Engineer: 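One structure, pasted below without further comment.
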Amino acid sequence: MLSGPFILQSTQTSSEVNENSLKRLNGYLENLQKPGSRSVQPMKLTFYIRNTKYSSKVQPELISSGFRSVSFTLHTNDVLSTVMDVLTSCSLPVEHMKGLTASKAASKSPTETGEPFYRTIKWDKSYYTFTGFKDPEQELQQAQRAEPTLSVWLRNNEPEASKKHNASLPRREELKRLKRELCRRFNLTDIRWQRSWGVSHRYCQLQSLSRLSHQNPEALINLQDSDHILETCFCGKRHTVVFADQSGMNASGHVMLGTMDVHHQWTKLFEQLPGYHSLQQQTHWLKERISLLLGGTQVVHMDRLGPVQPIAEHYSSLNTFHKRLMSHHLRLHPRSLQGLTMLLENDRSNPSLHEMGHFVIPIKCDLPTLQVFLQNQSPEARRRIQRKNQLQAEEEAVVKLCLETLSLRSLSKEPSVSPAQMIQCCERLLEQRSPHMQGLQICVSHFYSVMQDGDLCVPWDWKS
């Protein structure tokens with residue numbers, strides 16, 4: 001919950017508006033902090049807040065209960081400017097932000113240096129426990145301390161991690177059992193989570209889905225009826241369920257269940273699945289047509305490289321781009337770009353080549369320029385893809401060697417850690433061979449932390 005004037009109005013409608021706006025604002029800020037993030041789509045937000053003595057630049061509509069509505073649209077491309085806009089729009093003081101603003105002007109921005117920005121909005125500790133987001137205040141305190149060596153930190157924190165892990169074992173087993181049961185009952189490919197919620201919260205989310213299936217089995221028939229899926233879904237694949245910030249279907253075709261939504265909203269989503277399958281078919285057809293027009297280049301979507309994109313938005317982008325291609329006659333050999341991939345974007349004017357080897361193509365870019373760009377950059381794209389595949393193979397091999405040699409229970413990494421960084425980290429772990437790592441669950445990150453279920457986060461560039 002937010003402190004200060006961000007207090008939910010007693011009526012259900014205003015509470016839902018605030019709740020939804022908070023989730024969307026959080027997603028907006030998170031997307032800005034993702035590695036390689038360039039810009040995000042403008043977002044309109046509305047909050048119901050108490051009247052304060054501060055005057056507002058907006059003209060909110062006063063309501064009789066002492067609350068007023070404030071609406072504004074975010075156009076910012078960095079976290080600091082976004083926070084400043086939110087505070088100003090909601091008539092909150094920004095004097096305490098001036099130091100950060102001056103600091104930013106004198107140096108690189110947090111996104112440029114790769115360092116996380118610590119929000120000044122004060123959240124209750126229970127918010128981070130419930131959502132799975134990292135507490136910026138806690139991270140700041142950790143960063144301000146002198147960073148210890150890996151061996152010293154493990155020696156000091158291994159007992160606490162082991163205690164938490166042992167306490168979570170019964171719930172971990174229940175989580176695995178319930179996940180297997182739901183996958184089998186609904187013929188699911190997998191059940192995933194958009195955020196790193198703890199074991200208890202993930203178990204509660206599975207329990208909620210299980211309760212709905214028992215209380216209203218008819219509501220989930222579109223999720224579990226494999227014969228119906230084969231008839232309506234272009235690929236005949238089973239569903240993957242993702243517990244996420246909002247309900248719907250993403251561009252990858254995964255069924256997203258909003259963790260803040262009630263059973264009624266989940267039921268409504270399941271009823272709409274046949275329509276989503278039809279949209280999947282149309283999306284797949286558009287990708288095939290675009291590939292034929294662009295020399296065999298495949299249109300892909302990678303949720304880990306940006307915000308979660310709803311399938312309707314993905315279809316709209318594909319449809320717009322396809323219509324533009326049909327109105328021009330690009331001269332590309334049908335198989336000249338076979339094996340290459342591309343991402344479509346709405347907020348860029350010039351095409352580019354990502355370091356991982358895929359093209360980033362603006363929907364409204366100049367098409368003759370695009371043809372020249374694709375032809376000239378295709379050799380470099382293939383070289384980068386080859387390098388990416390090589391790094392991924394090296395990463396898989398060294399992770400497997402670490403698990404076996406160091407007797408780790410698990411070894412994973414955060415998405416922001418590159419394969420090259422992971423390889424370097426694992427090679428150094430093998431050289432040190434700390435006895436304190438045996439039986440631990442390690443996540444390679446950018447900081448030290450003991451998670452609530454006993455997992456240990458260590459920075460990829462830890463000190464020896």
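Model, not experiment: these values are computed from the prediction.
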Engineer: Rounded to the nearest 0.5 Å, how far does CG of L430 lie from SG of C425?
Structural biologist: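 Going from the SG atom of C425 to the CG atom of L430 covers 9.5 Å.
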Engineer: Going by heavy atoms in the side chains, are F373 and C365 under 4.5 Å from each other?
Structural biologist: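 In short, these two side chains do not touch, never coming nearer than 4.5 Å.
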Engineer: Looking at E313 and P310, would you say the former's side chain and the latter's main chain have a donor-acceptor pair under 3.5 Å?
Structural biologist: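 Checking the backbone N and O of P310 against the side chain of E313, no donor-acceptor pair under 3.5 Å is found.
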Engineer: A side-chain contact here means heavy atoms from C-beta on lying under 4.5 Å apart; do Y315 and L286 qualify?
Structural biologist: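 Heavy-atom side-chain distance check passes, below 4.5 Å.
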Engineer: Nearest heavy-atom pair of L182 and L188: which atoms, and what distance?
Structural biologist: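 Looking at all heavy atoms of both residues, the shortest contact is O-CD1, 4.0 Å.
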Engineer: Between H354 and H358, how do the two ring planes meet: parallel, tilted or perpendicular, split at 30° and 60°?
Structural biologist: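 It falls in the parallel class, under 30°.
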Engineer: Going by salt bridge (Lys or Arg N to Asp or Glu O under 4.0 Å), name the pairs with one or both residues in residues 273-299, residues two or more places apart or in two chains.
Structural biologist: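 Sorted result for residues 273-299: empty, none.
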Engineer: If you round to the nearest 0.5 Å, how far is CG of L45 from CG of L22?
Structural biologist: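 CG of L45 is found 9.0 Å from CG of L22.
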Engineer: If you measure only the distance, is there a donor-acceptor pair under 3.5 Å linking the side chains of Q298 and S291?
Structural biologist: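 Note: Q298 and S291 side chains meet the donor-acceptor criterion.
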Engineer: Distance from D261 atom CG to S208 atom OG, nearest 0.5 Å?
Structural biologist: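 One finds 10.0 Å between CG of D261 and OG of S208.
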Engineer: Between E414 and H446, does any side-chain donor sit less than 3.5 Å from a side-chain acceptor?
Structural biologist: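 The answer is no; no qualifying pair exists.
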Engineer: Measure the spacing between CH2 of W266 and CG of L220 and express it to the nearest 0.5 Å.
Structural biologist: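 Going from the CH2 atom of W266 to the CG atom of L220 covers 9.5 Å.
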Engineer: Do the charged groups of E355 and K388 touch, with an N to O distance under 4.0 Å?
Structural biologist: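 No, this pair does not count.
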Engineer: Using side-chain heavy atoms (C-beta onward) and a distance below 4.5 Å, is M342 in contact with F321?
Structural biologist: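 Yes. Closest side-chain heavy atoms under 4.5 Å.
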Engineer: Considering all heavy atoms of both residues, which atom of P148 and which atom of K463 are nearest to each other, and what is their separation?
Structural biologist: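 Minimum heavy-atom contact is O-CB, 4.1 Å.
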Engineer: Check whether any side-chain heavy atom of L318 sits under 4.5 Å from a side-chain heavy atom of T283, and report yes or no.
Structural biologist: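 Yes, close enough: below the 4.5 Å cut-off.
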Engineer: Just wondering, do W193 and Q205 contact through their side chains at under 4.5 Å, heavy atoms?
Structural biologist: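 The answer is yes; the side chains approach within 4.5 Å.
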Engineer: Are there over 12 heavy-atom neighbours, none belonging to E158, within less than 6.0 Å of that residue's CD?
Structural biologist: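 More than 12 heavy atoms, drawn from other residues, nucleotides or ligands, come within 6.0 Å of this atom.
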Engineer: Let me confirm one number: the OG-CD distance from S168 to Q452, rounded to the nearest 0.5 Å.
Structural biologist: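 With rounding to 0.5 Å, OG (S168) is 9.5 Å from CD (Q452).
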Engineer: Ignoring hydrogens and geometry, is there a side-chain-to-backbone donor-acceptor pair from N156 to V152 under 3.5 Å?
Structural biologist: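 Side chain of N156 to backbone of V152, a donor-acceptor pair under 3.5 Å: yes, one is there.
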Engineer: Can you name the ring pair (Phe, Tyr, Trp, His ring centres under 6.0 Å) partners of H322, sequence neighbours left out?
Structural biologist: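 Result, ring pair (Phe, Tyr, Trp, His ring centres under 6.0 Å) vs H322: W285.
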Engineer: S434 and L154: which non-hydrogen atoms are nearest, and at how many Å?
Structural biologist: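 In this case the closest contact between S434 and L154 is OG-CD1, 3.9 Å.
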Engineer: Where do S352 and F359 land on the side chain to side chain contact (heavy atoms under 4.5 Å, CB included) test, with the steps shown first?
Structural biologist: CA-CA 6 Å; S352 63; F359 297 114; over 6 Å; no
Engineer: Are any of the side-chain heavy atoms of L25 and L74 separated by less than 4.5 Å?
Structural biologist: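 Side-chain contact under 4.5 Å: yes.
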Engineer: Does anything in residues 149-176 form a ring-ring contact (aromatic ring centres under 6.0 Å, His included)? List the pairs, not counting sequence neighbours.
Structural biologist: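 Non-adjacent pairs meeting ring-ring contact (aromatic ring centres under 6.0 Å, His included): W153-Y448.
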Engineer: Taking the side chain as every heavy atom from C-beta outward, state whether W460 and V458 have any atom pair closer than 4.5 Å.
Structural biologist: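 Heavy-atom side-chain distance check fails, nothing below 4.5 Å.
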Engineer: Just checking, R202 and W197: is the charged tip under 6.0 Å from the six-membered ring centre and within 45° of the axis?
Structural biologist: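 That pair does not qualify as a cation-pi contact.
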Engineer: Over all heavy atoms of both residues, which pair between L223 and V255 is shortest? Give the atoms and the distance, please.
Structural biologist: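 Heavy-atom minimum between the residues: CD1-CG2, 4.5 Å.
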Engineer: Is there a side chain to side chain contact (heavy atoms under 4.5 Å, CB included) between L257 and F270? Walk through the geometry before answering.
Structural biologist: CA-CA 10 Å; L257 299 181; F270 294 142; 3.8 Å; yes
Engineer: At what distance, to the nearest 0.5 angstrom, does CG of L206 lie from NE2 of H201?
Structural biologist: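 It comes to 13.0 Å.
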Engineer: Quick one: do S247 and M256 satisfy side chain to side chain contact (heavy atoms under 4.5 Å, CB included)? Show the steps, please.
Structural biologist: CA-CA 5 Å; S247 296; M256 300 186 297; 5.8 Å; no
Engineer: With a 6.0 Å cut-off (strictly less than), is the heavy-atom count around CD of Q386, excluding the residue itself, greater than 12?
Structural biologist: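 No - once you tally the heavy atoms of other residues, nucleotides and ligands closer than 6.0 Å, there are 12 at most.
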Engineer: Considering residues at least two apart in sequence or located in another chain, which fulfil the side-chain hydrogen bond (donor to acceptor under 3.5 Å, both in side chains) criterion with S378?
Structural biologist: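 For S378, no residue satisfies side-chain hydrogen bond (donor to acceptor under 3.5 Å, both in side chains) once neighbours in sequence are set aside.
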Engineer: Between E380 and R383, is there a salt bridge with N-O shorter than 4.0 Å?
Structural biologist: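 Between E380 and R383 there is a salt bridge, with a charged N closer than 4.0 Å to a carboxylate O.
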Engineer: Go through the side-chain N and O atoms of H239 and T189 and say whether any donor and acceptor fall under 3.5 Å apart.
Structural biologist: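 The answer is no; no qualifying pair exists.
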Engineer: Is the shortest heavy-atom distance from the side chain of H301 to the side chain of H314 under 4.5 Å?
Structural biologist: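 Side-chain contact under 4.5 Å: yes.
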Engineer: Return yes if a side-chain donor-acceptor contact under 3.5 Å exists between Y276 and Q280, otherwise no.
Structural biologist: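 No, because no side-chain N or O of Y276 sits under 3.5 Å from a partner of the opposite role on Q280.
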Engineer: Give me the atom names and distance for the closest heavy-atom approach of L440 to S162.
Structural biologist: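 Distance-wise, the nearest heavy atoms are CD2-OG, 4.3 Å.
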Engineer: Sub-3.5 Å donor-acceptor pair from the side chain of Q265 to the main-chain atoms of V262, do we have one?
Structural biologist: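 Yes: the side chain of Q265 pairs with the backbone of V262.
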Engineer: Kindly say whether S316 contributes a backbone atom to a donor-acceptor pair with the side chain of T320 at under 3.5 angstrom?
Structural biologist: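 Indeed, once roles are kept as given, a pair shorter than 3.5 Å links the two residues.
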Engineer: For L403 and L411, work out which heavy atoms get closest and say how close.
Structural biologist: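 Looks like CD2-N, 3.6 Å.
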Engineer: Would you confirm whether R409, through its side chain, and Q441, through its main-chain N or O, come within 3.5 Å as a donor-acceptor pair?
Structural biologist: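 Judged by distance alone, no pair lies under 3.5 Å.
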Engineer: Can you tell me if Q438 has over 12 outside heavy atoms packed within less than 6.0 Å of its CD?
Structural biologist: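 No, CD of Q438 has 12 or fewer neighbouring heavy atoms, counting only those of other groups under 6.0 Å.
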Engineer: Testing the 3.5 Å rule here: is there a donor-acceptor pair between the side chains of H436 and S151?
Structural biologist: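 Distance-only check fails for H436 and S151.
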Engineer: Check step by step if salt bridge (Lys or Arg N to Asp or Glu O under 4.0 Å) holds for D245 and R195.
Structural biologist: CA-CA 9 Å; D245 293 338; R195 306 195 183 280; 2.3 Å; yes
Engineer: Test side chain to side chain contact (heavy atoms under 4.5 Å, CB included) on Q432 and W462 and set out the steps.
Structural biologist: CA-CA 11 Å; Q432 177 161 310; W462 49 270; 3.3 Å; yes
Engineer: Show me the pairs that pass salt bridge (Lys or Arg N to Asp or Glu O under 4.0 Å) and involve residues 437-457, at least two apart or across chains.
Structural biologist: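 Sorted result for residues 437-457: R172-D455.
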Engineer: Regarding R177 and E174, does a basic nitrogen lie under 4.0 Å from an acidic carboxylate oxygen?
Structural biologist: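 Answer for the salt bridge query: yes.
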Engineer: State whether a side-chain donor-acceptor pair under 3.5 Å links T76 with S81.
Structural biologist: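 The criterion, which ignores hydrogens and geometry beyond distance, is not satisfied for S81 and T76.
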Engineer: If you look only at pairs with a residue in residues 425-434, which of them pass as a salt bridge (Lys or Arg N to Asp or Glu O under 4.0 Å), with sequence neighbours excluded?
Structural biologist: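 Checked against salt bridge (Lys or Arg N to Asp or Glu O under 4.0 Å) - neighbours excluded - no pair reaches residues 425-434.
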Engineer: Under a 3.5 Å threshold, yes or no: a donor from one side chain and an acceptor from the other, between T240 and R192?
Structural biologist: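 There is no such pair between these side chains.
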Engineer: Answer yes or no: is there an ion pair linking E396 with K400, defined by an N-O contact shorter than 4.0 Å?
Structural biologist: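 K400 and E396: not salt-bridged.
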